[in-house]
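Please read the structure below before turning to the comments.
Residue numbers start from 1 in every chain, and the chains themselves are labelled A, B, ... in the order their sequence lines are given, proteins ahead of strands. Bear in mind that the values here come from a model prediction, so they are computed numbers and not experimental data. Atom set for the values below is all heavy atoms of this structure, side chains included, hydrogens, waters and symmetry mates excluded.
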Amino acid sequence: MKEKSTLKPLGDSAILVQLGDAIHPALNARVHALDALLQTIPAIVETVPSYSAVLVHYDPLATSYTQIKNSIEEKISLLNDSTHRPSRRLEIPVFYGGASGPDLEPAAATLGLSPSELIRLHSERQYTVYMMGFTPGFPYMGILDEKLILPRLSSPRPRVPAGSVAIAGSQTGIYPIDSPGGWHILGRTPLTLFDPTSENPFLFAPGDVVKFVPMEIP
Amino acid sequence: MTADHRAQTTLPAAVSRPSSVVIEVADLTGIATIQDLGRRGWNKCGVPTSGPMDWFAYRAANLLLDNLPNSATIELGLGEITLRALRNTVLSVTGAGYKVENYVWTFPLWTTFYVRAGWTVRVKKTSGGNWAYIAVAGGFDSPVIMNSRSTYLRGGVGAALNVGDVLRSFAPTADLLKLAARDFDAGWRDLPRAPNWQDTSGATNFMPYSQTPTIEVIPGPQADWFTAEGIRAFYESEYTLSPSFDRMGYRLQMLPSPSPKEITRKFIKELISEGMTMGSIQIPADGQPIVMMADAPTTGGYPKIANVIRSDLPLLAQCEAGVSKIRFRETTVEEAQEKYHAIAKSAIFATKQSPC
């Protein structure tokens with residue numbers, strides 16, 4: 001899958017590199033492969049990979065727009081189908097339903113499933129972290145089984161507790177900090193996703209492979 | 001995961017400088033946070049860059065005191081702060097829309113002044129701006145979190161200042177008497193000046209702060225999602241800042257005009273979330289532009305019609321709600337970078353350190 005890539009300026013200190021226009025695992029793999037290759041360009045301050053693009057922040061005092069574009073295009077030319085980055089695999093314990101998952105039953109009812117079928121369909125798949133954003137440490141993961149696709153809540157909750165595991169569209173995610181949220185909350189994980197004072201502040205990184213593990217409450 | 005090792009970090013790897021108690025927050029309204037140049041390397045994990053809303057005023061505050069260029073300062077937004085000096089020191093206050101009072105004296109912004117132990121200094125809101133930067137000789141010593149002293153309240157990174165807080169600072173880089181009574185405009189550094197693009201304000205020749213600015217922008221990656229009329233509407237309209245602004249974003253309100261225009265879309269399509277920068281101008285469903293600012297989310301799903309150029313971010317940051325009349329003008333990346341280079345050459349980025 002090689003759609004044409006485009007480079008567009010985002011202001012005078014960043015370039016948006018669009019590798020495609022879809023949420024697709026192979027395209028996202030190219031995004032992360034390119035992201036890794038870009039790290040060796042000295043004038044780049046940082047990069048932000050997303051579903052189908054990489055935003056490149058550069059120092060305009062250290063390079064010119066033409067130079068940085070050329071450097072980026074050179075890296076794009078190095079991408080090939082076999083470019084592969086090893087991913088980490090994480091298992092995330094989840095307490096589904098009850099007070100931890102207030103949307104489990106309503107979502108199941110809307111989808112025409114029993115709650116335990118919903119849990120099974122959500123937890124039996126492996127997901128890839130496509131990108132992180134929205135709040136520190138929030139992982140956008142996909143792709144959900146198509147039997148689980150729901151639009152976002154028509155009214156977002158003003159406060160979703162940290163650790164809440166949720167779904168919307170073909171994505172699943174976990175809220176790392178208390179924040180407003182419009183996704184359907186199926187359960188909660190006791191793991192800490194974001195600790196700013198830790199040497200490794202984030203549990204997840206873009207590109208990780210994730211599996212949810214239902215926990216029994218004895 | 002840990003920080004991107006190629007990211008330009010704002011702090012040297014292992015800095016261990018002694019610091020001592022310098023001031024106390026005696027009174028405070030509004031929001032005051034510690035900000036340095038910003039937190040780089042963590043955007044891909046969803047952590048915004050934060051840092052100053054007005055990078056020019058922030059840099060000038062440190063430059064005036066011969067501080068290291070990424071030294072932590074207090075950023076004050078829409079409020080007042082009273083500081084009590086706990087030892088002799090020199091402070092600088094820059095920005096727009098404030099005045100500095102010290103007993104019977106009033107100090108102008110963009111100067112430095114000596115304060116004796118026990119003195120109180122009040123930074124009070126006037127008009128003509130939103131953000132003030134208070135720097136101390138040596139720079140503030142506050143906790144370093146993920147390589148930066150910048151505060152990101154929504155993510156729980158750092159905390160806002162409170163009455164009773166005692167702040168520490170590192171040693172000044174020069175004798176206090178040498179640092180006192182400096183005036184940014186008076187050419188005390190005898191350095192070359194940037195061209196005067198619009199010499200409308202007396203505050204500084206380098207940054208033409210104004211409540212009726214024309215802000216230069218680069219067309220955004222989704223500019224082609226809008227009709228020709230929509231694009232024209234964007235550039236021909238005047239906007240003011242909505243009162244509901246904060247460090248995350250500036251909502252703009254289109255000002256009434258004889259022929260009101262809409263920023264119309266060519267088609268309805270969802271944007272797949274992608275990265276944004278400070279200055280990115282999103283057009284959500286209601287058609288009113290939102291400009292991403294220092295604490296904006298790192299990614300977003302609304303189309304971006306344009307991006308404010310770095311040189312003009314301070315001008316926009318200091319536009320007052322309801323009062324300002326803002327226009328946008330298209331420019332090229334090359335022209336924008338030339339403008340930024342000119343400011344940089346004018347020594348706002350200089351790191352001269354006087355021998356102690």
(request) Sort by residue number and list every member of residues 64-72 of chain A having a non-hydrogen atom under 4.5 Å from chain B. (result) A/Ser64, A/Tyr65
(message) Rounded to the nearest 0.5 Å, what separates atom OH in A/Tyr140 from atom CD1 in B/Ile272?
(response) 12.5 Å
(request) Evaluate whether atom NZ of A/Lys211 has more than 12 neighbouring non-hydrogen atoms of other residues, nucleotides or ligands under 6.0 angstrom away. (result) yes
(message) For the NZ atom of A/Lys8 and the CD atom of B/Gln222, what is their distance to the nearest 0.5 Å?
(response) 6.5 Å
(message) Please classify the contact of B/Pro219 with chain A as side chain, backbone, both or neither, using a heavy-atom distance under 4.5 Å.
(response) backbone
(message) With a 3.5 Å distance limit and no angle check, can you tell me whether A/His57 reaches the backbone of B/Thr277 through a side-chain donor-acceptor pair?
(response) no
(message) Within the structure provided, determine whether B/Val47 and A/Phe202 are in side-chain contact (heavy-atom separation under 4.5 Å).
(response) yes
(request) Kindly give the heavy-atom pair with the smallest separation between B/Gly156 and A/Pro196, and that separation in Å. (result) O-CG, 4.0 Å
(request) Check whether more than 12 heavy atoms from other residues, nucleotides or ligands sit under 6.0 Å from atom OH of B/Tyr235, and answer yes or no. (result) yes
(message) For B/Glu270, which atoms come within 4.5 Å of any heavy atom of chain A: side chain, backbone, both, or neither?
(response) neither
(request) Answer yes or no: does atom CD1 of A/Ile76 have more than 12 heavy-atom neighbours from other residues, nucleotides or ligands under 6.0 Å? (result) yes
(message) Using heavy-atom distances under 4.5 Å, tell me whether B/Thr49 contacts chain A through its side chain, its backbone, both, or neither.
(response) side chain
(request) Taking all non-hydrogen atoms of both residues into account, name the closest pair between A/Gly11 and B/Asn307 and its distance. (result) N-CB, 3.3 Å
(message) Can you confirm whether B/Lys304 sits close enough to A/Leu10 that some side-chain heavy atom of one is under 4.5 Å from a side-chain heavy atom of the other?
(response) yes
(request) Sort out for me which of B/Pro143, B/Gly158, B/Pro221 touches chain A most, counting heavy-atom pairs under 4.5 Å. (result) B/Pro221
(request) Would you give the length of the straight line joining atom OH of B/Tyr340 to atom CG of A/Asp12, rounded to the nearest 0.5 angstrom? (result) 8.0 Å
(message) Within this structure, what is the CG-OG distance for the pair A/Leu16 and B/Ser280, rounded to the nearest 0.5 Å?
(response) 9.0 Å
(request) Could you check which of B/Val217, B/Ile145, B/Ile309 has the highest count of heavy-atom pairs closer than 4.5 Å to chain A? (result) B/Ile309
(request) Heavy atoms only: give me the nearest B/Gly275-A/Ser50 pair and the separation to one decimal. (result) N-OG, 4.4 Å
(request) With sequence neighbours excluded, give me every salt bridge (Lys or Arg N to Asp or Glu O under 4.0 Å) pair touching residues 183-197 of chain A. (result) none
(request) Can you tell me which residue pairs pass the salt bridge (Lys or Arg N to Asp or Glu O under 4.0 Å) test with a partner in residues 48-57 of chain B, sequence neighbours excluded? (result) none
(message) Looking at B/Trp42, is its backbone amide N or carbonyl O close enough to the side chain of A/Glu46 to form a donor-acceptor pair, meaning the two atoms are under 3.5 Å apart?
(response) yes
(request) Can you measure from CG (A/Asp178) to CZ (B/Arg154) and round to the nearest 0.5 angstrom? (result) 11.0 Å
(message) Heavy-atom cut-off 4.5 Å, strictly under: side chain, backbone, both or neither for A/Phe194 against chain B?
(response) side chain
(request) Check whether any side-chain heavy atom of A/Met131 sits under 4.5 Å from a side-chain heavy atom of B/Glu274, and report yes or no. (result) no
(message) Testing the basics here: between A/Pro60 and B/His341, what is the closest heavy-atom pair and its distance to 0.1 Å?
(response) O-NE2, 3.1 Å
(message) What part of A/Ile177 gets within 4.5 angstrom of chain B, counting heavy atoms only: side chain, backbone, both, or neither?
(response) side chain
(message) So if I take each residue of residues 244-252 of chain B and look for any heavy atom under 4.5 Å from a heavy atom in chain A, which residues do I end up with?
(response) none
(message) If you count heavy-atom pairs within less than 4.5 Å of chain A, which of B/Thr299, B/Val308, B/Thr298, B/Val333 leads?
(response) B/Val333
(message) Rounded to the nearest 0.5 Å, what separates atom CD in A/Gln171 from atom OG in B/Ser273?
(response) 9.0 Å
(request) Would you mind checking if A/Asp59 and B/Arg40 are paired as a salt bridge, meaning a charged N to carboxylate O distance below 4.0 Å? (result) no
(request) Please report the closest heavy-atom contact between B/Gln337 and A/Tyr58, naming both atoms and the distance. (result) NE2-OH, 2.9 Å
(request) Let me know if B/Glu334 has heavy atoms under 4.5 Å from chain A in its side chain, its backbone, both or neither. (result) side chain
(message) I'd like to know which of A/Ala53, A/Ser13, A/Pro136 tops the heavy-atom pair count under 4.5 Å against chain B.
(response) A/Pro136
(message) Using modelled atom types and a 3.5 Å cut-off, is there a donor and acceptor pairing between side-chain atoms of B/Lys44 and backbone atoms of A/Pro49?
(response) no
